[in-house]
2 protein chains.
Amino acid sequence: MNLDIPKLKSIGKRVSYPKNFQLVQKGERCQKCWIIEKGIARYMYLQEEQELTGWFDLEGDIVGSVYSLLGLGGAREKIQLVEDAELIEIQLVDIQKDDAYFQNFKMNVMSHYFIEMENRLKLFQSLDGKGRYLYLLENKPQLLQRVPLHMIASFLGLTPESLSRIRSAIS
Amino acid sequence: MNLDIPKLKSIGKRVSYPKNFQLVQKGERCQKCWIIEKGIARYMYLQEEQELTGWFDLEGDIVGSVYSLLGLGGAREKIQLVEDAELIEIQLVDIQKDDAYFQNFKMNVMSHYFIEMENRLKLFQSLDGKGRYLYLLENKPQLLQRVPLHMIASFLGLTPESLSRIRSAIS
DNA sequence: TGCTTCCCTTATCATTTGGTAAGAAGGCAC
DNA sequence: GTGCCTTCTTACCAAATGATAAGGGAAGCA
């Protein structure tokens, strides 16, 4: 049931992209996904005037628009690199050749994000800004060291000013 | 690609349960799911001391612990009926007989909740309590008429008092 | 070097929200 | 009926957050 990552990597090819490079465009029907060898990817939603940070992927994660990969439609978000990155780029068509593996791939990718989002939603429902920040500090401390704070603030549903206040109140 | 609902219904059997009946217990490995003919189901997370309303299902929706149905483990939530309900009860084992249909079933159920939760998360990240309430009023007005407001408050990530204040400020 | 741009912080004030307490209205059991 | 329980509202105060403005520092570029 688990995803065969080595197989997935063998299907793809190694690529390097610079900071701020855009992997996925909003509305795009994605034919690719990536595995992060080094770097951070950021999922961004364009919400009336403001840019919302929906998620970050780190080393070892699979990057791609889930909505689009599943064949549900065009990507709802754009995905950009926060740092210079080294990735394994995988053409979807190469996974689709093996249908059983492709089904397994889709189930794995979606269930992974399903679990992450379920947790994330509970955090928003039950914790205030300080609580959400502390949770991030506890569970993904690398993000706080490698990602600009205004992106973290958006990810936490806060203004940069509020996040700054929360951080200064703690330390 | 879409789920064959008539087929699903033909597999199950009609049942009636009273208000407050518990369909799924936390930790349970579910062998059933349901289609709602009449009534409302409520998904509840037990979060340190407090009870969190994660979701509501209405007429036409498929009810069940997605996490458990996908074989990922025991249910993370309990599911109870908000009203007396009429349901089509479906034994999982009966769907699993047809593997292609079962794969399709799982993909459909999960992608449905994936999309719902993605939207819901964006609401929490970008809107305050009033905004989230107005969104609900616009998009699921039936819930406000049929579900006790303290459950709605929890669903919106608010205290009952805050929701009450928001409602009185609007009307 | 000097300049701009980006990133972050701090301060102030208005608004929103939570916590606590209290009370009203309705349903239900006895 | 009486009494209990649930649900909902209102009021008050403290805390959290947003909006706006301002400033400093670091990085990048001509």
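Letters A, B, ... are given to chains in the order of the sequence lines, protein chains preceding strands, and every chain is numbered from 1. All heavy atoms count here, side chains included; hydrogens, waters and symmetry mates do not.
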Between A/His150 and C/dC6, does any side-chain N or O lie under 4.0 Å from OP1 or OP2?
no

Which of residues 135-149 of chain A have a heavy atom under 4.0 Å from DNA chain C?
A/Pro148, A/Leu149

Does B/Ser164 place a side-chain N or O at less than 4.0 Å from the phosphate oxygens OP1/OP2 of D/dC8?
no

Would you mind reading off the distance between B/Leu163 atom CG and D/dT9 atom P, rounded to a whole angstrom?
7 Å

Atom-pair distance (CD on A/Glu161; C1' on C/dC6), nearest Å
14 Å

Assess the side chains of A/Ser65 and A/Glu77: does a donor N or O sit below 3.5 Å from an acceptor N or O?
yes

Which ILVMFWY residues are connected to A/Leu46, directly or by a chain of links, through side-chain heavy atoms under 4.5 Å apart?
none

Are any of the side-chain heavy atoms of A/Arg120 and A/Trp55 separated by less than 4.5 Å?
yes

Is it possible for you to check whether B/Arg42 lies under 6.0 Å from the centre of the six-membered ring of B/Phe155, through NZ or CZ, and within 45° of that ring's axis?
no

Between B/Ser162 and B/Arg165, does any side-chain donor sit less than 3.5 Å from a side-chain acceptor?
yes

Heavy atoms, side chains only, cut-off 4.5 Å: are B/Asn119 and B/Lys122 in contact?
yes

For B/Glu59, give me all partners under side-chain contact (heavy atoms from CB on, under 4.5 Å), at least two apart in sequence or on another chain.
B/Ile36, B/Lys38, B/Arg146

Grab the CG-C1' distance between B/Leu156 and C/dG18 for me, whole Å please.
16 Å

Please classify the nucleic acid contact of B/Thr159 as base, sugar-phosphate, or nothing, using heavy-atom distances under 4.0 Å.
sugar-phosphate

Taking only side-chain N and O atoms of B/Arg165, does any of them lie within less than 4.0 angstrom of OP1 or OP2 on C/dT16?
no

Give the angle between the helix axes at the two ends of the helix from C/dT1-D/dA30 to C/dC30-D/dG1, taking five base pairs at each end and rounding to 10°.
40°

Of all of residues 120-129 of chain A, which get a heavy atom below 4.0 angstrom from DNA chain D, listed by number?
A/Asp128, A/Gly129

Atom CD1 of A/Ile166 and atom P of C/dT17 are separated, to the nearest Å, by 15 Å

Quick one: ring-ring contact (aromatic ring centres under 6.0 Å, His included) pairs with a partner in residues 9-41 of chain B, sequence neighbours left out?
B/Tyr17-B/Phe21

Taking the side chain as every heavy atom from C-beta outward, state whether B/Met117 and B/Leu121 have any pair of such atoms under 4.5 Å apart.
no

Sugar-phosphate, base or nothing in reach of A/Gly157, heavy atoms under 4.0 Å
sugar-phosphate

Flag this pair as yes if the NZ/CZ of B/Lys7 is under 6.0 angstrom from the six-membered ring centre of B/Tyr101 and inside a 45 degree cone about the axis; otherwise no.
yes

Please give, in whole Å, the distance from D/dA15 C1' to A/Leu158 CG?
15 Å

Decide whether B/Tyr113 and A/Glu118 meet the rule of one side-chain donor and one side-chain acceptor closer than 3.5 Å.
no

